[in-house]
> 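Before anything else, here's the structure in question.
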Amino acid sequence: MVQSLVIAIGGIIFLMIGWVAVQSFWRKTFADHITDEDVLAGRSSCSNCGCTTICKKKLNQASTE
């Protein structure tokens with residue numbers, strides 16, 4: 001029982017450290033476009049429509065460029 005508790009706590013800590021690493025990497029990669037402290041909160045390239053095909057928004061942008 002104690003072993004399960006230690007594994008659960010360790011897993012949560014590992015996930016938290018991983019999330020901080022993702023946030024830091026994202027912050028370094030897209031430093032020019034970040035306006036919020038939560039660097040993944042402002043992702044505006046996807047409208048989150050749930051489509052499973054090529055995104056129409058990105059397709060329209062590519063054809064106008």
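We use all heavy atoms of the structure for the numbers below, so side chains are in, but hydrogens, waters and symmetry mates are not.
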> Under a single-linkage definition using a 4.5 Å side-chain heavy-atom cutoff for Ile, Leu, Val, Met, Phe, Trp and Tyr, are Phe25 and Ile17 assigned to the same hydrophobic cluster?
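Hydrophobic grouping puts Phe25 apart from Ile17.
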
> Hydrophobic side-chain clustering at under 4.5 Å (ILVMFWY, transitive links): who's grouped with Met16? Put none if nobody.
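Other cluster members: Ile12.
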
> Remaining members of Val2's ILVMFWY cluster at a side-chain heavy-atom cut-off under 4.5 Å?
Val6

> If hydrophobic clusters are built from ILVMFWY residues whose side chains come within less than 4.5 Å, do Ile7 and Leu15 share one?
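Different hydrophobic clusters.
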
